[in-house]
Amino acid sequence: MTEYDSERTNPSLELEWKCGTDCHFSARGCGKSDRQFNTYDYLASVPGNEHTTDWVEVQFKNTRKGYYRNDNRLKLKKGDMVSVEASPGHDVGVVTLTGQLVLLQLAKISPKETGEIKRVYRIARETDLAKYEEAKSREHDTMIRSRKIAKDMGLDMKIGDVEYQGDGAKAIFYYIADQRVDFRQLIKVLAEEFRVRIEMRQIGARQEAGRIGGIGPCGRELCCATWMKNFKSVGTAAVRYQDISPNPQKLAGQCAKLKCCLNYEVDAYMEAFRQLPAREVSLETADSTYYYFKADILSGKVTYSTDRRLAANLAVITAERAKEVIRLNRQGEKPALLDDRAPLEAPKRFDLAEQDDLTRFDKVKRKKKKNKHKKPADMAAATGSAAGEPRQGRSRRNAKGQHDKRDDKPSGAAVPPASSEQ
């Protein structure tokens, strides 16, 4: 059962759960022991599941976890803080898995990784938890001080995290280095400085990102900081299978390595890729030869081109049709068309220019209006002109040689008197 804490001011961002014990969990994970409290025991409600095995999974800070034997037959359940055997002394962690699923988890790791079989001492007492919290409070200051010591000694290494054991008797220093580092003198200086037993562990960039945490480009917390425990190598083959653009800036995560999420869907792409025809096989038709250009792996469609290097006369067909053409070519036959489907009628394009005349923006030449009040003599002159006779101009000159404009005036217009000037 989970209990929602309604006292939070912003429930959507500060969502908090409370388990059956005193261990509190928030949206980032377990606040006391581990943020990667992710193992889901789907057999927890099965009666008798907790008695199937004595092995329990105990998780410590960040990505560190181990498997211990419950020789004392303690009634442990997920979320219990327990005191377990360590070398030397004891350590404090949280139980993350019990029952049959622990055996399945053990089958995934090799016996070398399991190491020496260690036991669960007891459920953590108040004194154990108090000493545990005191030791954890010194981790950050110890990390800052150890970085300065390593820098003063000129060592080419970076101390990424420090983890104190539950009893405070030992401290584990996680460091990153490109080359082998001789830290024997560093261990002596750190032991004198902090008065604890020193253990140095070299980790990779992925493990460092998991221990530090952060927000990925997807907007969610890093997978290595929330649920991912075992890291698998990510190769460039995963990028090629998924037809992702080989951009190093987009393919690299915060650890400067290839993103782990590239492996999530690569199996589905590889399975779909096996259904496609080979890239080096060309398709022969009656009119041309088609070469592999590109493919949409998930949809199962392949694009072919008539040129090996250029996108010329592209034809998109299904993988089944491509395999059929390859089979016909091997039998010495060449299909007429690359695509066996009947060519569909090309959709008629709707052109808005067809609605209007293309000459609608041209200037309209206005015709001159004919004079409806012509004299019979003028009409006869016009008829004669149409029959080939020489046309007598409408503008006639009078006996005095002046231009007569009477015929050009419409009816009803006043005719100006003849000028008296000679």
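Fair warning: this is a prediction, and the values are worked out from it, not measured in the lab.
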Using atom types as modelled and distance alone, determine if a side-chain donor or acceptor of [X] lies under 3.5 Å from a backbone N or O of [Y].
| X | Y | result |
| --- | --- | --- |
| Thr96 | Glu57 | yes |
| Asn72 | Leu74 | no |
| Thr306 | Ala312 | yes |
| Gln165 | Tyr132 | no |
| Gln331 | Leu328 | no |
| Asp54 | Arg69 | no |

When you check the gap from the basic side-chain N to the acidic O, do [X] and [Y] get nearer than 4.0 Å?
| X | Y | answer |
| --- | --- | --- |
| Glu134 | Lys136 | no |
| Arg122 | Asp128 | yes |
| Glu324 | Arg321 | yes |

Note to self: So that I know where these two stand, are Phe173 and Phe183 an aromatic pair - ring centroids less than 6.0 Å apart?
What the structure shows: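 When the ring centroids of Phe173 and Phe183 are compared, they turn out to be at least 6.0 Å apart.
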Next item on the list: May I ask you to check whether Tyr241 and Phe273 place their ring centers less than 6.0 Å from one another?
Entry: yes
Is any side-chain heavy atom of [X] less than 4.5 Å from a side-chain heavy atom of [Y]?
| X | Y | answer |
| --- | --- | --- |
| Val56 | Leu97 | no |
| Tyr264 | Cys223 | yes |
| Lys170 | Val196 | no |
| Leu338 | Tyr304 | yes |
| Glu85 | His90 | no |
| Ile149 | Arg145 | yes |
| Ile212 | Asp161 | no |

For [X], is the [atom1] atom crowded, meaning more than 12 foreign heavy atoms sit under 6.0 Å from it?
| X | atom1 | result |
| --- | --- | --- |
| Glu271 | CD | no |
| Arg327 | CZ | yes |
| Asp178 | CG | no |

Margin query: Consider salt bridge (charged side-chain N to carboxylate O under 4.0 Å, His left out). Of Arg64, Arg119, Lys118, Lys65, which one does Asp91 pass it with?
Written below: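 Answer after filtering Arg64, Arg119, Lys118, Lys65: Arg64.
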Next item on the list: Could you check Arg138 against Asp141 for salt bridge (charged side-chain N to carboxylate O under 4.0 Å, His left out), going step by step and ending with a plain yes or no?
Entry: CA-CA 6 Å; Arg138 295 184 293 166; Asp141 296 336; over 6 Å; no
Under 3.5 Å side-chain donor-acceptor pair for [X] and [Y]:
| X | Y | value |
| --- | --- | --- |
| Thr226 | Glu221 | no |
| Tyr269 | Gln242 | no |
| Gln249 | Asn247 | no |
| Ser305 | Asp307 | no |
| Glu208 | Tyr174 | no |
| Thr142 | Tyr164 | yes |

Margin query: Looking at every heavy atom in both Ala150 and Ile159, which two are closest together, and how far apart are they?
Written below: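 In this case the closest contact between Ala150 and Ile159 is CB-CD1, 4.5 Å.
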Check: Where do Gly99 and Thr53 come nearest, in terms of heavy atoms and distance?
Finding: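 Between these two residues, the closest heavy atoms are O-CG2, 3.0 Å.
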Item checked: Asp156 vs Arg180, salt bridge (charged side-chain N to carboxylate O under 4.0 Å, His left out): CA-CA, chis, key distance, verdict -> CA-CA 9 Å; Asp156 188 12; Arg180 188 171 181 176; over 6 Å; no
Mind checking the [atom1]-[atom2] spacing from [X] to [Y]? Nearest 0.5 Å is all I need.
| X | Y | atom1 | atom2 | value |
| --- | --- | --- | --- | --- |
| Lys259 | Cys224 | NZ | SG | 12.5 Å |
| Lys148 | Met143 | NZ | CE | 15.5 Å |
| Asn313 | Tyr290 | CG | OH | 6.5 Å |
| Leu103 | Gln105 | CG | CD | 10.0 Å |
| Met200 | Leu190 | CE | CG | 6.5 Å |

Checklist line | Residue list, side-chain contact (heavy atoms from CB on, under 4.5 Å) with Ala278, at least two apart or on another chain | finding: Glu280, Val281
Check: What salt bridge (Lys or Arg N to Asp or Glu O under 4.0 Å) pairs are there with at least one residue in residues 242-258, not counting sequence neighbours?
Finding: none
Checklist line | Steps toward salt bridge (charged side-chain N to carboxylate O under 4.0 Å, His left out) verdict (Lys301, Asp296) | finding: CA-CA 5 Å; Lys301 294 184 178 180; Asp296 190 347; over 6 Å; no
